[in-house]
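To keep things clear, I will list the structure first and then write my remarks on it.
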Amino acid sequence: MTVEPAPLAAPPVIEPGHTFASITDKISAIVLRRRTSRGWLVGFGISFFFLLVLMNAVGYLLLAGIGIWGVNVPVAWGFAIVNFVWWIGIGHAGTLISAILLLLRQQWRQSINRFAEAMTIFAVACAGLFPLLHLGRPWYFYWLLPYPNTMSLWPQFRSPLVWDVFAVLTYFTISLLFWFIGLVPDFATLRDRSPSRPGRFIYGMLAMGWRGSARHWHRYETAYLLLAGLATPLVVSVHTVVSFDFAVAQLPGWHTTIFPPYFVAGAIYSGFAMVLTLAIPLRAVYQLEDFITTRHLQNMAKILLATGLIVGYGYMIEAFMAWYGGNPYEEYTIWNRLTGPYAPLYWALLFCNIATPQVLWLQRVRTSAPALFVISLIVNTGMWLERFVIVVTSLHRDFLPSSWGMYYPTIWDVATFVGTLGLFATLFFLFIRFMPMISIFEMRTILPEAEVKEPA
Amino acid sequence: MERPTIWGLLAEFDSPSALVAAAARVREAGYKRIDAHTPFPVEELGAALGVKPTILPLLVLLGGLLGCVGGYLMQYYASNVDYPLNVGGRPMHSWPMFVPITFELTVLFGGLTAVIGMLALNGLPMPYHPLFNVPRFALATRDRFFLSIEARDRLFERQETARFLRELGAREVSEVAR
């Protein structure tokens, strides 16, 4: 057996041999020169079909009311809240990559931040639909906003559900601004490289006259860093507020202080899984292996493993506190999860979220794109199951056996969920067709030539 | 002073190092109305061109404070003054319950100030700029580095300045039409 020498330096974040021009041309060509491929059309068509499914499900919901869903007393929060928490969690990795890794000066974020941010916006858009549709009378959603009105009514600011409105709206706005500001210099690149007049006009409008002035860059970088600094606590706060929806209630299984950190970790866990789910096919289809290298996949796999362990710790503490706290209702909740009517889902969740990622300890798995793709899909499923277990198992067995019940999703529950997957995919397909999916100007900065040398 | 017939001169360089060196020399020579145009932020240009620190952080701080104080006062006013609603005998001014929205509005106002402030201070959106008249300027968003001197500058002298820029190692110097 021969011993391989340990590599001296970490593998590069970009394959050698690239120049400013080659980076620019390669990424902008995906948008500007490439003909719309058959694969893209097929993928877009399928996604669009599911978007139509969503339109139908929402249309029928507006006509008939939320009675078409499986929700009822005692389980008044079904798929809608499960999907809301799942989608918004997926968004978190995008902000984490773009803001926290920027502040930590991690260069490997450059090639994945753009589409991760796009993923955030689309995921938050999907998430935001659910609480709105769940309102009962969705057309009165604006009653949740504080505005002067003839009823002289205010929202109840002491309610976590109102906190949600502010948290999600702020999160959406800041993510959108962050994404757009990051795109402006790249829109300028597309404007200058577009072969068609409409392209030059549209990208020119979006670039707002960006001309790379040193003074502009100076303010731009300041604004970008400040936004990152503001977005970092925002990410943590958003899922904390979402967890308050549960933790502030008295219900056994919800009323725990572990919820905020455990929800945030779970959000980052599912978010990174989604980034991998998107990145692996993208780099294969568009031959981006020299930008999204094995090192990127490895780093994301490590984050997946770490956050997976935190989530596992969360499950452990939930069970431990139920036992150690001596509250019979809490004890029963855990016991019911392990052996009750929804037990198969709980065991599936433990398999997906705790058992599966343990293979990431092996470097061979961390560097294999197909293996990571499968793991990321399993983790996404597991995190969805986690939200289902939290929402449904706590509600369906509370303090009094007389108020126990079961929850079964209807076809409309499923259609709405699958429909938001279609909405997400449709937006994502449009994004990769019309916008640079990798930040061009930030990729230029990681080349060695970008460093200013002292005159000899 | 009569209005100059051109906007200024634009010199093209191959690398950020050459640009930074040239920018420092141009500034030493006493030119004031100078700017550089690069495909990505070059930190050293700030010092070479004498770019002043921006007031953006201060604006963002003020924006954030406005969101923070305004958000808290809105909640205080709504639940104590305008529509006091007592639920279960809890105190009216239950400040811990007001923290999440106060925080979110701080971030929202700070973030909006950062973006709008940056655009406003940079004078964007600006669909027309004389520099776009130079065809090669399109490379400023690809792989070339440019230095511009405006004709309004007191030291500007059409032939002299162009010669000076060429001496600094510019691969091409073009006149920028208005």
Side-chain angles (χ1 to χ4, degrees), chain A residues 19-21 24-25 146 152-158 160 162-163 166-167 169-170 173-174 177-178 180-181 185 188-189 191-193 204-205 208-223 226-227 230-231 233-234 237 241 244 441-442 444-445 449-455, chain B residues 15-17 20-21 23 35-46 49 51 54 56-57 60 64 74-75 78-79 82-83 85 87 90 94 97-98 100-101 103-105 107-108 110-112 114-115 117-119 121-122 124-129 131-132 137-143 146:
Chain A
T19 62
F20 299 131
T24 312
D25 294 347
S152 64
L153 271 177
W154 288 91
Q156 174 53 282
F157 291 121
R158 299 185 186 98
V162 173
W163 303 349
F166 283 85
L169 276 182
T170 302
T173 314
I174 296 289
L177 289 176
F178 205 72
F180 179 70
I181 283 306
T189 296
R191 168 196 67 200
D192 293 341
R193 313 217 18 92
M205 283 295 136
M208 298 190 294
W210 184 261
R211 52 188 185 276
S213 152
R215 291 160 216 280
H216 289 186
W217 276 123
H218 177 61
R219 294 193 191 98
Y220 179 90
E221 287 220 290
T222 310
L226 286 168
L227 265 184
L230 286 164
L234 179 68
S237 85
V241 166
F244 284 161
F441 87 90
E442 285 179 309
R444 292 183 193 121
T445 61
E449 292 91 321
E451 263 176 51
V452 173
K453 291 170 207 71
E454 291 295 316
Chain B
S15 72
S17 309
V20 170
D35 202 350
H37 303 270
T38 53
F40 54 85
V42 178
E43 212 176 309
E44 291 81 354
L45 272 177
L49 290 172
V51 175
T54 162
L56 199 59
V60 172
M74 171 189 74
Q75 296 178 77
S79 14
D82 195 44
Y83 199 85
L85 182 67
V87 181
R90 289 175 185 82
S94 50
M97 306 303 269
F98 299 157
I101 292 182
F103 171 78
E104 300 298 338
L105 288 178
V107 172
L108 182 65
L112 286 171
V115 173
M118 186 272 283
L119 292 177
L121 291 173
N122 281 349
L124 299 174
M126 184 186 281
Y128 176 77
H129 193 277
L131 280 172
F132 294 130
F137 188 63
L139 295 176
T141 56
R142 186 166 177 252
D143 61 342
F146 291 89

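Since the structure is predicted, the reported quantities are computational estimates derived from the model, not experimental observations.
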Checking [X] against chain A: side chain, backbone, both or neither under 4.5 Å from a heavy atom?
| X | answer |
| --- | --- |
| B:Thr38 | both |
| B:Pro57 | both |
| B:Phe132 | side chain |
| B:Leu45 | side chain |

### Message
Are there over 12 heavy-atom neighbours, none belonging to A:Gln156, within less than 6.0 Å of that residue's CD?
### Response
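Yes, CD of A:Gln156 has more than 12 neighbouring heavy atoms, counting only those of other groups under 6.0 Å.
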Shortest non-hydrogen contact from [X] to [Y]?
| X | Y | result |
| --- | --- | --- |
| A:Phe20 | B:Phe40 | CE2-CE2, 3.4 Å |
| B:Thr141 | A:Thr24 | O-CG2, 4.0 Å |
| A:Ile174 | B:Val107 | CD1-O, 3.7 Å |
| A:Ala214 | B:Leu49 | CB-CD1, 3.6 Å |
| B:Ala78 | A:Phe157 | CB-CE1, 3.5 Å |
| B:Gly110 | A:Leu230 | C-CD1, 3.5 Å |

### Portion of A:Glu442 that has a non-hydrogen atom of chain B nearer than 4.5 angstrom
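Answer is neither: A:Glu442 stays 4.5 Å or more from chain B.
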### Message
Which atoms of A:Leu226 are under 4.5 Å from chain B, going by heavy atoms: the side chain, the backbone, both sets, or neither?
### Response
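For A:Leu226, the contact with chain B is made by the side chain alone.
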#### Entry: pair A:Asp192-B:Arg142: side-chain heavy atoms closer than 4.5 Å
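No, their side chains stay 4.5 Å or more apart.
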Max heavy-atom pair count under 4.5 Å with chain B, selected residue of [options]:
| options | value |
| --- | --- |
| A:Ser213, A:Pro155, A:Pro185, A:Ala223 | A:Ser213 |
| A:Leu234, A:Thr445, A:Val241 | A:Leu234 |
| A:Ala188, A:Gly209, A:Gly212 | A:Gly212 |
| A:Val162, A:Leu169, A:Leu177, A:Thr19 | A:Leu177 |

Output the distance between atom [atom1] ([X]) and atom [atom2] ([Y]), rounded to the nearest 0.5 Å.
| X | Y | atom1 | atom2 | answer |
| --- | --- | --- | --- | --- |
| B:Asp143 | A:Arg444 | CG | CZ | 8.0 Å |
| A:Phe166 | B:Glu104 | CZ | CD | 9.5 Å |
| B:Asn122 | A:Arg219 | CG | CZ | 5.0 Å |
| B:Gln75 | A:Trp154 | CD | CH2 | 10.0 Å |
| B:Met118 | A:His218 | CE | NE2 | 12.5 Å |
| B:Leu119 | A:His216 | CG | NE2 | 10.0 Å |

### Query
Does a side chain donor of either B:Ser79 or A:Arg158 reach within less than 3.5 Å of an acceptor in the other side chain?
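No donor-acceptor contact under 3.5 Å links the two side chains.
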Considering only heavy atoms and a distance below 4.5 Å, find which of [options] pairs most often with chain A.
| options | result |
| --- | --- |
| B:Leu131, B:Val115, B:Leu139 | B:Val115 |
| B:Val60, B:Val51, B:Leu121 | B:Leu121 |
| B:Pro100, B:Ser94, B:Ala23 | B:Pro100 |
| B:Ala114, B:Pro39, B:Ser15 | B:Pro39 |

### Query
What's the verdict on side-chain contact (heavy atoms from CB on, under 4.5 Å) for B:Tyr83 and A:Leu153, showing C-alpha distance, side-chain angles and the deciding distance?
CA-CA 7 Å; B:Tyr83 199 85; A:Leu153 271 177; 3.7 Å; yes
